[in-house]
Amino acid sequence: MKKGVKIYNLYPQLIGHISKWSDHLDRIKEMNFDWVYVNPFHLPGFSGSCYSLKSHYLYNPLFTKGTFDYDNLEAEQEKGNALISEFCSNANAKGLKVMMDIVVNHTSFDSELLMTNSYWYEHDNDGEIKKPGTLEDGYFIEWGDLLQLDNLSKDLDTRREIWKYWRDYLTYYIELGVKGFRCDAAYMVPTELWKFLIPEIKKQNPEIIFIAETLNCKPEKIKELSAAGFDFVMNSIKWWNYKDHWFMMDYSKWMGTANSLAFPENHDTERFAKEYGTKDKAIAIYAIQSYFSSSIAITTGFEYGFTKKIDVVTTNPLDWEEGTYDITNEIKGINKTKSTYKILQEDSKVYIYDFHNNKVFGYIRESNDGEENILVIANLCETEGVEFYVPNLHNLLRSERVLDISHGHRMERVADEINYYLQPNEVKIFYAKKGEKE
């Protein structure tokens with residue numbers, strides 16, 4: 001499996017014109033991220049949602065004109081290509097790779113494809129094109145601005161046409177400099193398509209990565225997508241309270257089939273600062289998720305405590321906020337630590353360490369080769385400090401030499417017996433290599 005990635009989600013509607021995206025690259029690199037992920041920048045359909053695409057090759061005018069002027073967009077296509085290529089080059093020059101969102105499950109109901117290839121869509125018994133949707137609280141919620149593509153058409157010639165279209169589409173943007181793809185609603189797309197598409201793309205460049213959106217997926221589906229060739233899947237640690245058993249039960253069923261991506265917020269959720277409000281809480285959760293999962297991602301504004309929820313239709317550069325805090329330096333330190341130790345760049349066995357105290361959350365991770373171990377201990381309380389006691393740390397981590405690699409205060413020497421006072425929201429991480437001597 002590939003080593004983990006650290007992704008900065010540059011939400012394009014918050015920035016505007018593509019020429020302005022590069023202005024953010026220096027601070028993204030300064031925080032020690034290695035990927036920049038950009039949400040769909042193509043022409044949206046009638047609803048205006050960036051996930052309801054009218055064209056896979058024309059650009060949202062916000063990104064090529066800097067306005068919502070939809071006139072003569074065909075003339076802007078080459079300009080958009082040049083701007084994307086320049087952005088990818090600028091990112092590469094700073095040691096960053098660019099990832100784009102792909103939406104292959106559906107299109108907008110006014111898509112260009114509908115005009116030319118209506119037989120590519122899935123029809124119901126009455127001959128009407130189906131609309132996708134999702135189950136919420138036992139009810140099917142239809143997405144009215146979308147039409148369902150028939151990516152597994154029973155007509156083999158049609159299926160080959162559709163699959164070739166997707167292969168050519170990804171190749172087109174690879175040639176512009178894109179090096180990775182985040183696959184929206186990957187779990188809704190037939191696995192057979194991924195089994196074709198991912199190897200076809202990796203023939204061109206084995207270093208291209210694919211991330212599957214797998215939120216709300218059952219473990220069996222995650223394993224199925226992993227087997228189809230995805231390098232990373234998205235885990236649900238964002239919704240875990242670090243007490244209930246559901247997350248660890250699900251995680252244990254698919255861990256080892258693919259590395260996973262954690263995130264404290266994304267474009268579908270409330271802003272972290274709106275939910276929790278405090279700088280220390282944001283640092284703590286970012287640390288816990290980073291040390292737990294091989295990969296981590298934040299969305300533009302997390303580092304500054306933005307509170308306004310992203311809207312896939314209406315968000316625009318005027319929504320840029322002053323922010324409520326700045327944790328760029330802490331993210332920089334956590335990401336540097338993550339890049340330094342192999343165990344922090346993979347998903348591996350996790351054991352919950354029970355401190356018999358609801359305020360303290362702890363877990364032990366063992367590397368897949370059995371050579372490295374970490375113990376992470378976090379005070380989940382925002383207002384009160386708490387003591388923790390570990391009587392046999394060296395035995396626990398199978399080494400006489402244990403390092404404190406925490407992003408905050410670090411112990412110069414880590415004894416076998418630890419009695420430590422955790423400040424509110426403080427996170428400690430202890431690292432050991434098997435069998436090392438003091």
Is [X] reaching over with its side chain to a backbone N or O of [Y], donor-acceptor style, under 3.5 angstrom?
X      : Y      : value
Trp254 : Lys218 : no
Thr269 : Glu265 : no
Lys428 : His409 : yes
Thr214 : Met234 : yes
Asn329 : Lys332 : no
Ser52  : Leu146 : no
Ser399 : His394 : no
Lys338 : Ser294 : yes

Quiz item: Only one of Asp145, Asn105, Asp184, Asn39 clears side chain to side chain donor-acceptor pair (under 3.5 Å) with Tyr51; which?
Solution: Asn39
Might you confirm whether atom [atom1] of [X] has over 12 heavy atoms from other residues, nucleotides or ligands at distances under 6.0 Å?
X      : atom1 : value
Tyr172 : OH    : yes
Lys79  : NZ    : yes
Lys309 : NZ    : yes
Lys238 : NZ    : yes
Lys65  : NZ    : yes
Asn216 : CG    : no
Lys274 : NZ    : no
Arg398 : CZ    : yes

Check this for me: does any side-chain nitrogen of one of [X] and [Y] sit under 4.0 Å from a carboxylate oxygen of the other?
X      : Y      : answer
Glu220 : Lys223 : no
Lys342 : Asp369 : yes
Glu122 : Lys130 : yes
Lys433 : Glu372 : no

Pairing residues for [X] by the side-chain hydrogen bond (donor to acceptor under 3.5 Å, both in side chains) criterion, not counting sequence neighbours:
X      : result
Asn259 : none
Lys359 : Glu384
Lys97  : none
Asn358 : none

Quiz item: side-chain hydrogen bond (donor to acceptor under 3.5 Å, both in side chains) between Tyr251 and Ser260: does it pass, once the steps are laid out?
Solution: CA-CA 10 Å; Tyr251 180 75; Ser260 75; 4.8 Å; no
Minimum heavy-atom distance [X]-[Y], with the two atoms named:
X      : Y      : result
Phe263 : Gln289 : C-OE1, 3.0 Å
Gly385 : Tyr421 : CA-OH, 3.2 Å
Ser47  : Val313 : O-CG1, 3.4 Å

Self-check item: With sequence neighbours excluded, residues passing side chain to side chain contact (heavy atoms under 4.5 Å, CB included) with Glu224
Solution: Thr191, Lys221
Quiz prompt | By ring-ring contact (aromatic ring centres under 6.0 Å, His included) - contacts of Tyr173 (at least two apart) | solution = Phe41, His42, Tyr169
Exercise. Establish, yes or no, whether the cationic atom of Lys281 lies under 6.0 Å from the six-membered ring centre of Tyr276 and within 45° of the ring axis.
Key: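 Yes, Lys281 sits over the ring of Tyr276.
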Self-check item: Option from Asp416, Leu397, Ile374, Leu375 for which side chain to side chain contact (heavy atoms under 4.5 Å, CB included) with Val402 holds
Solution: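 Single pass found, and it is Leu397.
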Quiz item: Looking at Tyr304, Phe306, Tyr286, Phe302, which hits ring pair (Phe, Tyr, Trp, His ring centres under 6.0 Å) with Phe272?
Solution: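 For Phe272, the ring pair (Phe, Tyr, Trp, His ring centres under 6.0 Å) check succeeds only for Phe302.
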Quiz item: Which class fits the ring pair Phe388 and Tyr420: parallel under 30°, tilted 30 to 60°, perpendicular over 60°?
Solution: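 Aromatic pair Phe388/Tyr420 classed tilted.
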Quiz item: Rounded to the nearest 0.5 Å, what separation is found between the OH atom of Tyr431 and the CG atom of Asn373?
Solution: 9.0 Å
Practice problem: For this output row, return yes or no: ring centroids of His245 and Trp240 closer than 6.0 angstrom. | Solution: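 Between His245 and Trp240, the centre distance exceeds or equals 6.0 Å.
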